[in-house]
Number of protein chains: 2
Amino acid sequence: MKKKKHRMTKQRKYILEVLRQTTIHPTADWIYEQVRKEIPNISLGTVYRNLKLLAEMGEISILDYGSSYSRFDGNPENHYHFTCTECDSVFDLGIPMDEFIDKEISNKTPFLVESHRIEFYGLCPDCQNKI
Amino acid sequence: MKKKKHRMTKQRKYILEVLRQTTIHPTADWIYEQVRKEIPNISLGTVYRNLKLLAEMGEISILDYGSSYSRFDGNPENHYHFTCTECDSVFDLGIPMDEFIDKEISNKTPFLVESHRIEFYGLCPDCQNKI
DNA sequence: CTATTTGCAAACGCTTTGCCTGATT
DNA sequence: AATCAGGCAAAGCGTTTGCAAATAG
């Protein structure tokens with residue numbers, strides 16, 4: 001594992017700056033539009049490459065959920081899931097939904113919370129043994 | 001709003017059956033492969049159309065995470081989010097992470113939990129006023 | 001210098017859609 | 001007959017990648 005050197009190009013620097021100065025959790029395209037005001041000929045590919053790199057560097061975070069494709073669940077009831085970070089399997093958790101947390105957050109914040117989902121991450125039994 | 005009638009075709013029926021008999025939270029493609037064993041000339045498009053319809057009917061649930069594109073966050077620290085179901089805005093919640101929940105789930109289940117994320121859904125202040 | 005990064009455009013991969021034929025009521 | 005669903009293939013769309021030229025250190 002060789003450590004790579006990262007240059008702080010003006011593109012990278014400005015992308016990070018734009019992201020640090022907003023709280024709207026923008027899409028790549030929105031960021032692209034903002035950066036274009038300063039660096040008109042930047043390409044979308046560069047934006048994507050830098051967002052990915054900045055996330056790897058721990059400077060920002062990405063709010064997708066890992067895989068690119070959807071998963072389907074024969075159980076239509078809301079319930080919690082556990083995703084193994086090693087093998088990507090998704091399991092149902094047999095623990096009950098927290099009934100009160102929505103109300104609690106509604107009281108503590110200006111948001112009216114109607115539902116929530118919790119995703120746990122870690123190692124499934126099989127992968128705990130493999131490592 | 002007119003209510004549509006849904007016929008229970010053999011394709012739809014078998015897709016639902018496959019999904020009900022597994023707990024692996026499969027992808028559309030995996031479902032397609034399973035159904036093909038029974039209905040060899042079914043098309044992927046039909047699988048997608050039915051999965052979407054079954055979800056609308058409340059028979060199954062889809063584990064994608066809403067929008068098709070990623071959102072980026074200038075804050076690399078893990079924290080909770082609130083998504084407005086009306087305007088799709090994403091907000092940071094100023095509440096602290098629950099430090100103990102990972103251990104609690106690790107104790108109660110066979111999974112080794114290393115982290116979790118919680119997404120709350122409901123109405124943001126602006127949209128509460130609009131409705 | 002030279003390894004990294006960029007712009008451009010083409011490719012990717014999952015999902016959706018249009019169109020027409022076939023099935024159901 | 002009228003409506004709903006399916007098969008097929010093309011289109012869609014956000015994202016990734018290959019490549020030659022540019023550039024940071």
Asker: Determine the contact category for Asn41(A): base if any of its heavy atoms lies under 4.0 Å from a base atom, sugar-phosphate if only primed atoms, P, OP1 or OP2 are that close, otherwise nothing.
Answerer: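 Asn41(A): backbone/sugar contact only, no base atoms under 4.0 Å.
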Asker: Could you go through Glu17(B) and Lys13(B), starting from their C-alpha distance and side-chain angles, then the distance that decides it, and tell me whether this counts as salt bridge (charged side-chain N to carboxylate O under 4.0 Å, His left out)?
Answerer: CA-CA 6 Å; Glu17(B) 199 172 301; Lys13(B) 192 174 165 190; 5.8 Å; no
Asker: Closer to the 5' end of DNA chain D via nearest nucleotide, is it Ser43(B) or Phe72(B)?
Answerer: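 On the 5' side of the pair lies Ser43(B).
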Asker: Please report the distance, rounded to the nearest Å, between CZ in Arg49(A) and P in dA9(C).
Answerer: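 Value for this atom pair: 14 Å.
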Asker: Taking CD in Glu86(A) as the centre, count heavy atoms belonging to other residues, nucleotides or ligands within less than 6.0 Å. Is the count above 12?
Answerer: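 Not more than 12 within 6.0 Å, no.
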Asker: Separation of Trp30(A) atom CH2 from dC13(D) atom C1', in whole Å?
Answerer: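 Rounded to whole Å, this separation is 21 Å.
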Asker: Measure from CD1 on Ile42(B) to C1' on dG22(C) and round the result to the nearest Å.
Answerer: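 These atoms are roughly 15 Å apart.
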Asker: Separation of Leu44(A) atom CG from dT17(D) atom P, in whole Å?
Answerer: 15 Å
Asker: Under 4.0 Å, counting only non-hydrogen atoms across every strand here, what does Arg12(B) touch: a base, just sugar-phosphate, or nothing?
Answerer: sugar-phosphate
Asker: Whole Å only: how far is the CG atom of Leu16(A) from the P atom of dT5(C)?
Answerer: 15 Å
Asker: Report yes if some heavy atom in the side chain of Phe72(A) is under 4.5 Å from a heavy atom in the side chain of Val18(B); otherwise report no.
Answerer: no
Asker: What's the closest nucleotide to the Asn50(B) side chain, out of dG7(C), dG6(D), dT6(C)?
Answerer: dG6(D)
Asker: Go through the side-chain N and O atoms of His25(A) and Asp92(B) and say whether any donor and acceptor fall under 3.5 Å apart.
Answerer: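 There is such a pair between these side chains.
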Asker: I need the Leu19(B) CG to Ile15(B) CD1 distance, nearest 0.5 Å.
Answerer: 9.0 Å
Asker: Within less than 4.0 Å of OP1 or OP2 of dG6(D), is there a side-chain N or O belonging to Thr46(B)?
Answerer: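 The answer is no; no side-chain N or O of Thr46(B) sits under 4.0 Å from OP1 or OP2.
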Asker: Would you say Gln11(B) places a side-chain N or O within less than 4.0 Å of OP1 or OP2 belonging to dA23(C)?
Answerer: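 Checking Gln11(B) against dA23(C): no side-chain N or O falls below 4.0 Å of OP1 or OP2.
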Asker: When the distance from CZ of Arg71(B) to P of dG14(D) is rounded to whole Å, what number comes out?
Answerer: 13 Å
Asker: Rounded to whole Å, please give me the gap between OH in Tyr69(B) and P in dT16(D).
Answerer: 16 Å
Asker: Tell me the interatomic distance from Lys13(A), atom NZ, to dT5(C), atom C1', rounded to whole angstroms.
Answerer: 16 Å
Asker: Please list, pair by pair, any protein nitrogen or oxygen found under 3.5 Å from a nitrogen or oxygen in nucleotides 22-25 of chain D.
Answerer:
residue: dT23(D); atom: O2; partner: Arg7(A); partner atom: NH1; Å: 3.2
residue: dA24(D); atom: N3; partner: Arg7(A); partner atom: NH1; Å: 3.4
residue: dA24(D); atom: N3; partner: Arg7(A); partner atom: NH2; Å: 3.2
residue: dG25(D); atom: OP1; partner: Met8(A); partner atom: N; Å: 3.3

Asker: With rounding to the nearest 0.5 angstrom, report the OG to CD distance, Ser115(B) to Glu119(A).
Answerer: 10.5 Å
Asker: May I ask whether Phe91(B) and Leu123(B) are part of the same hydrophobic cluster, defined by side-chain heavy atoms of I, L, V, M, F, W, Y residues being less than 4.5 angstrom apart, directly or through others?
Answerer: no
